[in-house]
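Since the model is a prediction, treat every value here as computed from it, not as a measurement. Order of the sequence lines sets the chain letters (A, B, ...), proteins ahead of strands, with each chain counted from 1.
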Amino acid sequence: MSTTQHSYPFPEFEPRWQHHWLSSNAFRAKNPGDSDFDPAQKKQYILDMFPYPSGEGLHVGHLVGYTATDILSRYHRLKGANVLHPMGWDAFGLPAEQYAIKTGQHPRATTQKNVANFRAQLQQLGFSYDWSREVSTTDPEYFKWTQWIFLQLYSAWFNPATQKIESLSTYTGQDPDSVRLAYVADIPVNWCQELGTVLANEEVVDGKSEVGGFPVERRPMRQWMFRITTLADRLIEDLEKVNWPDSIKQLQRNWIGRSEGAEVIFKIKDQSEKTITVFTTRPDTLYGATYVVLAPEHPLLDELGIASEALADYRKSCNAKSDLERTDLAKTKTGIPLGIEAINPINGEALPIWAADYVLMSYGTGAIMAVPSHDERDKEFAEQFDLPIRTVIENDVAINSPLINGATAAEGKNKIINWLEEHSCGRRKIQYKLRDWLFSRQRYWGEPFPIVWENGKHRGLSEHELPVEPPEMEDFRPTGTAEPPLAKAKEWVRYSENAVRELNTMPQWAGSCWYYLRFCDPHNKKSFIGKDAETYWKNVDLYVGGTEHAVLHLLYARFWHKALFDLGHLTTCEPFQRLVNQGMIAGSDGQKMSKSRGNVVSPGEVIAQYGADALRLYEMFMGPLEHGKPWSTTGVEGIYRFLARVWRLGMQQDATTHHWSVSSNIADIPLTPAQQKVVHATIKKVTHDIEALSFNTAIAQMMVFVNEFTAAKPCPLEALHIVLRLLSPFAPHLAEELWMQLSNHFPSLQKIGISASQATWPKWNEEYLLLEETTYVLQVNGKVRGRLTLSTTATKETVEQEALNDPSLQPHLEGKKIQKIIVVPKKLVNIVAN
RNA sequence: GCCAGUGUGGCGAAAUGGCAGACGCAAGGGACUUAAAAUCCCUUUUCGCGAAAGCGGAGUGCGGGUUCGAGUCCCGCCACUGGUACCA
């Protein structure tokens, strides 16, 4: 397609403006201390979730959120705010490492290439990022501070007395390692042989690795952990303080999974020195317990010395089952009786003890008291193995429970827990689903830990030794053993005569946990964020990204933020004030966009044909930001036609030379009252809709506006400079170009703004929206039967009278008695008659 | 199973409890043109009556309810999408 066939010359001016914005640093955010910084200016921090720069590049689905935040950013600048709108790269991670292994290139090289590609793609859309603040998690100047933050958390603990994270210097106990926020533990982890690494629970899907789909097995290994569970309650409570979608808050609450209940201690019959501790949320059903179950992995099974072959076989078969199989077999429960009994502390009853894999070792104490009468799973198990079932609740009150008969659940729980505590056989307990955060990975392409090992003990490096850079290595493939690839860099590993470096690296979450803080002060050499910058920018006002990060990224970032807040480095306790999730864009076939389906639309093709403005506008016009929706090529064409109409509102083309010049139809004349109404209604609606992130309806209103003025002969200049300002956050190139063309022709425009992106946002005047007359809808019994135009100042009585006299209503009122007349001022009259 | 979300024309979608379908796509018709593209104008939820202007009925997943009035609020279902899965 040749340039002359385009409906407006975007291929010429879009790159020109992009270059202009970049070279003039047009969207630089001002920091305290900058010469042009104005403390009175309102700040706005508008952030996209920064991308992982994959080799695939961006597709149009990635741009929904970026376009939305760009519109907001440009809007707030026009409203006079100091806007921080940065972009960076979450560039550590497994795919780069695997690609590197496959192709023999260093991940740093492929990462750099991918970043360059991503940056170019984003710049082609004219996004108004402050590129002087660009950061990459793989930059030593960046991960130096990731490591520094790790060290702060490493030398901190959660003080239960103050309910805060404090420096370890306030800890007075014997063993700081038992309370450290970052600690080492030997725990069964998800080991993936193929990837040569441990995976977090959430990176394992159906017993296979989320990346690559390789088998995963459980294996005990020494790992770095974070005591995120210490902040579980605050992570729940502080959700009240942020403006996030309820669904995301709910996901976080469910993930943390707080449940209140009790631990109950069961003595083992004839071995009273041994006990089983169970967790229950329903201590009030204690009298209904008819057996006790241990998880097959429960350590007590070894201690009890039950040498049955059947038990050994059962435990073996459970161990061999993948998570997937356990789920598949969920319908039929399996288990094995141990032949010993536990004593119910409340009534001294002896209950059989079973081992069964429907009880998980990883939750609670790995043991339960089974109350088949009031728990679905226990009931299923009891029915299968013919175990007794005893009802202890009827009509919401306790029965067959001597201590609490007649009590409600809440009363019963309290009484039982008190009794247990008095008799030292149990206690009140709050249990969380959330586990401590497994923070180490056996990879090359990640941040090394700033930790060395000496005489079997770990020690943090000091600040001046940071950053700890990964060693240059030819071969960073997995070792095939539990040893991480860094083990191969013998010289690097050796820290001193008697100290070696930690060989694990941090997970990808590390860099993304705090990047929003670095953007506030990206070049600070002395601190991860300067005090002035921190107190000025505080936290993110609007954070836009996909739901896939609803739980983990947001939870981990909140955890670090709170820790840094408690330690006095930050002045806010939540990182992201407002959160919005953009919807997914599907292919035109309604399927998820993917290479294998062949339905991927790349921004490049769309821009070549319709331009960046059309792509931006279409992304927003498709529907509500949060909704998923399918891509439509003809939809882009419609938007493109709209932009061409805007262009022709200002410009006309010479029939023979095809040269565009300012339209002779434009005149610096006042708006007619009718035009004034459209103009001011549009300013009002576009302003409200942008603030509500309802971009599709804002665009629709601008279409109404343009349709109105396309017919205007001549077209008043005022209409143009207003619509260009309203449009400029959405279609900045076109607005900028037209503004320039028009102000060359009408110098008065320069008083309003030297460019569309450096003008002020127009204000509407409510007066122009008031009308002298309005059309009432006339209803009889709720059905529209006529219309009536009346003065807006007409009294209720007048409106009623006029409506009753209206000829179009007479056939519907005939022979009926009027019961009631409802008048909605300036809108509607409903006559109720029968 | 549980949690969350969504159901409105041929399609994407609009509608502070007050004219359902704004705006756009697609489709059909017309103007301009030697022709096409581009552009501009008109029609387009559906059924019935009418040559037409028009008139009348139905209609927002299904069934109830509140209300003068419900796409919107309440109760009970159904379907789809996403998340989660024996969490005691």
Rounding to an integer number of angstrom, what distance separates B:rC23 and B:rA52 when you compare their C1' atoms?
30 Å
Just call it for A:Asn696: base, sugar-phosphate, or nothing, with non-hydrogen atoms closer than 4.0 Å on any strand.
sugar-phosphate
Base-pairing string, 5' to 3', of RNA chain B - Watson-Crick or wobble, under 3.5 Å, | interstrand:
(((((((..(((.....[....))).(((((.......))))).(((((....)))))..(((((..]....))))))))))))....
Rounded to the Å, how far apart are A:His6 NE2 and B:rA37 C1'?
14 Å
Considering only the P atoms, how many Å lie between B:rA14 and B:rG1, rounded to the nearest integer?
31 Å
With a 3.5 Å distance limit and no angle check, can you tell me whether A:Asn665 reaches the backbone of A:Lys713 through a side-chain donor-acceptor pair?
no
Counting only side-chain heavy atoms from C-beta out, which of B:rA4, B:rA88, B:rG18 sits nearest to A:Phe279?
B:rA88
What nucleic acid atoms does A:Pro624 come within less than 4.0 Å of, heavy atoms only: base, sugar-phosphate, or nothing?
sugar-phosphate
Donor-acceptor contact present, side-chain A:Asp378 to main-chain A:Val371, <3.5 Å
yes
Show each protein N/O and nucleotides 63-69 of chain B N/O combination with a separation under 3.5 Å, one pair to a line.
residue : atom : partner  : partner atom : Å
B:rC68  : OP1  : A:Lys820 : NZ           : 3.4
B:rC68  : O2'  : A:Asn830 : ND2          : 3.4
B:rC68  : O2   : A:Asn830 : ND2          : 2.6

So, under a plain 3.5 Å distance rule, would you say the side chain of A:Lys827 forms a donor-acceptor pair with the base of B:rC19?
no
With rounding to the closest Å, how many angstrom separate the P atoms on B:rG24 and B:rC73?
28 Å
Could you check B:rG9 for me: syn (within 90° of 0) or anti?
syn
For A:Ser594, is there any backbone N or O sitting under 3.5 Å from a side-chain donor or acceptor partner on A:Asn599?
yes
Atom pair OG1/CG of A:Thr229 and A:Asp436 - distance to nearest 0.5 Å:
3.5 Å
A:Leu625 has an atom CG; how far is it from atom C1' of B:rU6, in whole Å?
16 Å
Length of the line joining A:Ile821:CD1 and B:rG18:P, which is rounded to integer Å:
21 Å
Does the A:Asn344 side chain pair with the main chain of A:Leu286, one donor and one acceptor, at a distance under 3.5 Å?
yes
Would you indicate what A:Ser259 reaches in the nucleic acid, counting non-hydrogen atoms under 4.0 angstrom: base, sugar-phosphate, or nothing?
sugar-phosphate
Minimum-distance pair of heavy atoms, taken over all atoms of A:His6 and A:Pro11
CD2-CG, 3.5 Å
Among B:rC86, B:rA4, B:rG83, which nucleotide sits nearest the side chain of A:Gln250?
B:rA4
Decide yes or no on side-chain contact (heavy atoms from CB on, under 4.5 Å) for A:Thr285 and A:Met369, but give the supporting numbers first.
CA-CA 10 Å; A:Thr285 63; A:Met369 62 178 216; 3.7 Å; yes
To the nearest angstrom, the CG-P distance between A:Leu727 and B:rC23 comes to 18 Å
Go through A:Glu260 and A:Arg428 one step at a time and tell me if the salt bridge (Lys or Arg N to Asp or Glu O under 4.0 Å) criterion holds.
CA-CA 8 Å; A:Glu260 291 181 25; A:Arg428 195 173 297 275; over 6 Å; no
A:Leu251 side chain, from C-beta outward: closest of B:rC19, B:rG83, B:rA13:
B:rG83
Tell me whether A:Lys677 at atom NZ has more than 12 heavy atoms from other residues, nucleotides or ligands lying less than 6.0 Å away.
no
Taking the side chain of A:Tyr363 as its heavy atoms from C-beta onward, which of B:rC3, B:rA88, B:rG83 lies nearest to it?
B:rA88
For A:Tyr432 and for A:Thr710, locate the closest nucleotide of RNA chain B by heavy-atom distance; then report the residue assigned to the nucleotide nearer the 5' terminus.
A:Thr710
Any base atoms under 4.0 Å from A:Arg785, or only sugar-phosphate, or nothing? Heavy atoms, all strands.
sugar-phosphate
Taking the six-membered ring for Trp, is the centroid-to-centroid distance between A:Tyr8 and A:Tyr640 below 6.0 Å?
yes
Donor-acceptor contacts, no H, no angles, side chain residues 617-628 of chain A, under 3.5 Å, sequence neighbours left out:
residue  : atom : partner  : partner atom : Å
A:Tyr618 : OH   : A:Ser632 : N            : 3.3
A:Glu619 : OE1  : A:Val64  : N            : 3.3

List every contact pair, protein side and nucleotides 71-73 of chain B side both N or O, where the distance is under 3.5 Å.
none

Separation of A:Ile248 atom CD1 from B:rG5 atom P, in whole Å?
11 Å
Distance check needed: B:rA14 P versus A:Gln701 CD, whole Å only.
15 Å
Both A:Pro630 and A:Lys685 contact RNA chain B. Which one's nearest nucleotide lies toward the 5' end?
A:Pro630
Roughly how many Å apart are B:rU8 and B:rC3, using the C1' atom of each and rounding to a whole number?
26 Å
Report the residues that fulfil side-chain hydrogen bond (donor to acceptor under 3.5 Å, both in side chains) with A:Arg558, sequence neighbours left out, ordered by chain and then residue number.
A:Gln252, A:Glu574
P spacing across the pair B:rG54 / B:rU6, given as an integer number of angstrom:
39 Å
Send over the distance from A:Lys783 NZ to B:rG59 C1', rounded to a whole Å.
12 Å
Ring pair (Phe, Tyr, Trp, His ring centres under 6.0 Å) for A:Tyr291 and A:Phe381? Distances and angles first, verdict last.
CA-CA 11 Å; A:Tyr291 61 103; A:Phe381 190 82; 5.6 Å; yes
Can you check the distance between B:rC25 and B:rG63, where both ends of the measurement are the P atom (answer in whole Å)?
35 Å
What contact category does A:Gly628 fall into here, base, sugar-phosphate, or nothing, at under 4.0 angstrom with non-hydrogen atoms?
sugar-phosphate
Rounded to the nearest 0.5 Å, what's the gap from CD on A:Gln819 to CG on A:Asn781? Could you check?
9.0 Å
Can you tell me, in whole Å, how much space there is between the P of B:rC42 and that of B:rA58?
31 Å
Would you please confirm or rule out a distance under 4.0 Å between OP1 or OP2 of B:rC3 and any side-chain N or O of A:Ser247?
no
Quick one: which of B:rA88, B:rC19, B:rU39 gets closest to the side chain of A:Asp375?
B:rA88
P gap between B:rC80 and B:rG69, integer Å
35 Å
Counting any heavy atom closer than 4.0 Å, what does A:Ile368 reach on the DNA or RNA strands: base, sugar-phosphate only, or nothing?
base
For a quick test of reading the model, state the closest non-hydrogen atom pair linking A:Asn254 to A:Lys433 and the distance between them.
O-CE, 3.2 Å
Measure across A:Lys379 and A:Pro372 and return the closest heavy-atom pair with its distance rounded to 0.1 Å.
CB-O, 3.2 Å
Distances under 3.5 Å only, N/O to N/O: pair up the protein atoms with those of nucleotides 24-29 of chain B.
residue : atom : partner  : partner atom : Å
B:rG24  : OP1  : A:Asn707 : ND2          : 3.2
B:rC25  : OP1  : A:Arg641 : NE           : 3.2
B:rC25  : OP1  : A:Arg641 : NH2          : 2.9
B:rC25  : O2'  : A:Thr634 : OG1          : 2.8
B:rA26  : OP2  : A:Arg641 : NH2          : 3.2

Whole angstrom is fine here: how far is it from CD in A:Gln653 over to C1' in B:rA37?
13 Å
